[in-house]
Number of protein chains: 2
Amino acid sequence: MDTRRTRGSGPDLAAVARLLADGTRAAFCLALLDGRAWTATELARHVGVAPSTATEHLHALVRGDLLAEERQGRHRYVRLAGPQVAELIEGLGALAPGGGPAPRTLSAAGRRQALAHARTCYDHLAGTVGVAITDAMIERRLLDQDHGLALTPAGADWLAELGVTVPSGTRRPSVRSCLDWTERRPHLAGTVGAALCRHALDTGWVTRVGTTRALVVTGSGRESLQRHLGLADETLVGSGGAAAA
Amino acid sequence: MDTRRTRGSGPDLAAVARLLADGTRAAFCLALLDGRAWTATELARHVGVAPSTATEHLHALVRGDLLAEERQGRHRYVRLAGPQVAELIEGLGALAPGGGPAPRTLSAAGRRQALAHARTCYDHLAGTVGVAITDAMIERRLLDQDHGLALTPAGADWLAELGVTVPSGTRRPSVRSCLDWTERRPHLAGTVGAALCRHALDTGWVTRVGTTRALVVTGSGRESLQRHLGLADETLVGSGGAAAA
DNA sequence: GGGACACTTCGGCCGCCGCCGAAGCGTCCG
DNA sequence: CGGACGCTTCGGCGGCGGCCGAAGTGTCCC
């Protein structure tokens with residue numbers, strides 16, 4: 001744990017990594033991957049630590065620019081500081097062990113199943129459904145993956161027809177592949193993935209389950225995804241009941 | 001430091017992050033970002049710890065799949081386990097504080113200057129020269145950045161003319177933007193960046209400085225980069241002498 | 001075979017950091 | 001205005017983990 005001596009040149013990797021090196025802080029970040037703002041107590045209860053402990057951790061994460069905070073009355077809302085942070089966390093998750101099976105408790109298993117089916121991953125869609133959408137887009141030549149993922153001209157047209165507008169001129173990649181830690185397969189991220197997710201929520205293709213990151217595909221969503229991408233109903237319907245909040 | 005209780009679902013972010021959360025291990029990884037294999041003692045001397053300490057750290061990093069090792073005789077060579085790891089480290093570096101100025105010692109300043117001018121960043125080119133190449137490619141419409149970076153058809157032709165072959169069909173993005181921690185600006189990474197870097201080394205456009213990641217542009221390199229990309233001589237010649245190994 | 005050298009294992013020391021509970025603000029609401 | 005509630009600060013405890021040096025193992029080379 002040596003930060004005293006600054007080791008020559010270069011950025012202080014360890015400082016950032018140390019923020020994520022704690023189970024509690026990592027759990028906070030994982031929860032915040034849903035892209036929304038949580039209050040301090042919500043997070044504390046979510047991971048099972050005392051409020052005082054949560055406060056300290058959140059302080060550290062905010063100081064380290066991983067989280068942004070916003071104070072409203074007696075609440076303190078925190079969210080991920082930006083897409084860069086979300087990508088970092090996903091990148092870490094992709095290399096991490098234990099993304100695989102083996103949940104401990106029954107309720108954890110249910111939660112896991114709901115998440116595995118469909119969820120938001122920061123600002124885009126993930127889980128079985130997210131991967132299925134990505135696969136279908138590739139199959140229909142809306143996306144191209146000769147090396148790396150890219151939007152084809154047909155894909156751009158398709159998005160326009162849906163009425164999905166993708167912000168342009170940003171630094172952020174339009175199409176990025178994000179490794180799914182339940183499916184262990186890549187799904188669509190980047191500005192296109194974000195725009196598509198927003199569209200899906202706005203038009204009611206999917207809705208959130210309680211306060212979690214989990215999503216369910218609505219009736220109209222099933223119909224639309226069937227029509228636009230030819231997705232089968234089986235993949236769109238979660239195999240279990242919705243789980244505890 | 002709580003790994004006992006597995007916090008619900010999801011990958012164990014903290015396990016990976018903890019590997020990079022130590023100054024010594026982080027320094028190892030930063031050094032290995034040159035994409036080459038180092039021996040254990042080289043690394044130990046590089047960051048100033050006892051060999052026994054280095055051994056333990058390397059063990060942890062290998063066990064955690066961040067490094068790959070290869071044993072040759074009485075040497076143990078380690079290198080980054082893959083591009084994913086390199087990207088993770090770069091991503092961490094981009095968010096880290098202190099990537100900016102303020103070197104402590106004189107020799108560190110010289111080393112820093114050499115690195116700032118031109119260096120390898122895992123398997124592609126970085127530093128002033130790397131950024132200049134990227135900028136020139138964008139200006140000449142070989143790369144397009146309406147949102148995110150992409151190779152244009154003209155860019156593909158240009159590479160073919162140079163005799164640069166880019167491996168296809170990999171998962172890795174062909175073009176990726178990598179944030180430069182000296183320039184604080186993006187430069188070309190991904191399979192195209194790697195292929196171009198390999199070409200530059202193979203054809204002698206650039207050569208390594210001693211055993212560091214630093215590079216110098218050779219005479220023929222200057223001539224080629226001038227002809228193919230219109231780069232000015234000033235940007236290609238380092239402003240300081242080559243520094244200590 | 002013997003000596004140099006790269007690496008490893010082990011034991012012991014020390015400091016950091018995460019945890020909690022108690023107590024202290026500030027905000028909201030009746 | 002008082003009580004509930006969200007958040008914060010502080011002190012104290014405990015354990016993890018990084019550091020080193022000394023001693024051991026394997027490899028190379030003379």
Side-chain angles (χ1 to χ4, degrees), chain A residues 1-7 12-30 32 37-64 66-79 211, chain B residues 1-7 12-30 32 37-64 66-79 211:
Chain A
M1 224 43 93
D2 196 341
T3 330
R4 287 160 284 157
R5 100 184 78 159
T6 297
R7 281 176 212 283
D12 190 359
L13 279 202
V16 189
R18 193 160 44 239
L19 290 175
L20 296 169
D22 173 79
T24 302
R25 284 193 297 267
F28 284 0
C29 291
L30 234 27
L32 290 165
W38 294 49
T39 69
T41 349
E42 276 172 351
L43 285 171
R45 299 199 343 134
H46 181 69
V47 312
V49 292
S52 56
T53 305
T55 289
E56 286 163 9
H57 285 310
L58 291 178
H59 240 97
L61 290 167
V62 170
R63 276 191 81 83
L66 291 188
L67 302 187
E69 74 178 11
E70 198 169 336
R71 313 185 87 109
Q72 258 177 46
R74 56 180 167 181
H75 295 282
R76 176 208 214 179
Y77 288 98
V78 290
R79 53 184 167 74
T211 62
Chain B
M1 216 56 77
D2 194 342
T3 329
R4 287 159 286 157
R5 104 184 75 158
T6 299
R7 282 175 210 282
D12 191 0
L13 279 201
V16 188
R18 195 162 39 241
L19 290 174
L20 296 168
D22 174 79
T24 301
R25 284 193 298 266
F28 284 1
C29 292
L30 234 27
L32 289 165
W38 292 49
T39 69
T41 351
E42 276 170 351
L43 285 171
R45 299 199 343 133
H46 181 71
V47 312
V49 292
S52 56
T53 304
T55 289
E56 286 164 8
H57 285 311
L58 291 178
H59 240 96
L61 289 167
V62 169
R63 275 190 82 81
L66 291 188
L67 302 188
E69 74 177 12
E70 201 170 333
R71 312 185 88 106
Q72 258 177 46
R74 56 181 166 178
H75 295 282
R76 175 208 214 177
Y77 288 98
V78 290
R79 54 184 166 75
T211 62

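Letters go in sequence order (proteins before strands), and every chain restarts at 1.
At distances below 3.5 Å, at least one donor-acceptor pair connects side-chain atoms of B:Thr55 with backbone N or O atoms of B:Pro51. Checking side-chain atoms of A:Arg25 against main-chain N and O of A:Leu19 turns up a donor-acceptor pair under 3.5 Å. Proximity of a side-chain donor or acceptor of B:Glu56 to a complementary backbone N or O of B:Thr53 within less than 3.5 Å is not detected.
Nearest nucleotide to the B:Thr24 side chain, out of D:dC19, D:dG18, C:dC19: D:dC19. Nearest to the side chain of A:Asp22, among C:dC5, C:dT8, C:dC19, sits C:dC19. Side-chain proximity of B:Glu56 to C:dC20, C:dC10, D:dG17: nearest is C:dC10. Distance from the side chain of A:Arg74 is smallest to C:dT27 among D:dC20, C:dT27, D:dT8. Residue A:Thr53 places its side chain closer to C:dC20 than to any other of C:dA4, C:dC20, D:dC20.
Nucleotides of DNA chain C nearest to A:Gly73 and B:Ala40 differ in position, and the one nearer the 5' end is that of B:Ala40.
With contacts defined as side-chain heavy-atom distances shorter than 4.5 Å, the pair B:Trp38/B:Arg79 does not qualify. Residues A:Phe28 and A:His46 form no side-chain contact, since every pair of their non-hydrogen atoms from C-beta on lies 4.5 Å or further apart.
Between B:His75 and the phosphate of D:dC28, there is no side-chain N or O to OP1/OP2 separation shorter than 4.0 Å. Side-chain N/O atoms of A:Arg25 include one lying less than 4.0 angstrom from OP1 or OP2 on C:dG18. Between B:Arg71 and C:dT8 there is a side-chain polar atom (N or O) within less than 4.0 angstrom of OP1 or OP2.
When the P atom of D:dG18 is taken as reference, atom CZ of A:Arg18 falls 11 Å away, rounded to whole Å. Rounded to whole Å, the distance from NE2 on B:His57 to P on D:dG18 is 6 Å. Atom P of nucleotide D:dC19 and atom CG of B:Leu58 are separated by 12 Å, given to the nearest angstrom. Note: CG (A:Leu61) to P (D:dT8) measures 13 Å, nearest angstrom. Distance B:Arg45 CZ to D:dC20 P: 15 Å, rounded to the nearest Å. Regarding B:Leu19, its CG atom lies at a distance of 15 Å from the C1' atom of D:dC16, rounded to whole Å. Protein atom NE2 of A:His59 is 18 Å distant from nucleotide atom C1' of C:dC19, rounded to whole Å. Rounded to whole Å, the distance from CZ on B:Phe28 to C1' on D:dC19 is 12 Å.
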Return the polar atom pairs (N/O with N/O) between nucleotides 22-25 of chain D and the protein under 3.5 Å, or none.
none

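Summarising the geometry of B:Ala54 relative to B:Ala40, their closest heavy-atom pair is CB-O, 4.3 Å, with the distance given to 0.1 Å.
Each of B:Leu61, B:Leu67, B:Leu66 was evaluated against B:Leu32; a single residue qualifies, B:Leu67, per the side-chain contact (heavy atoms from CB on, under 4.5 Å) test.
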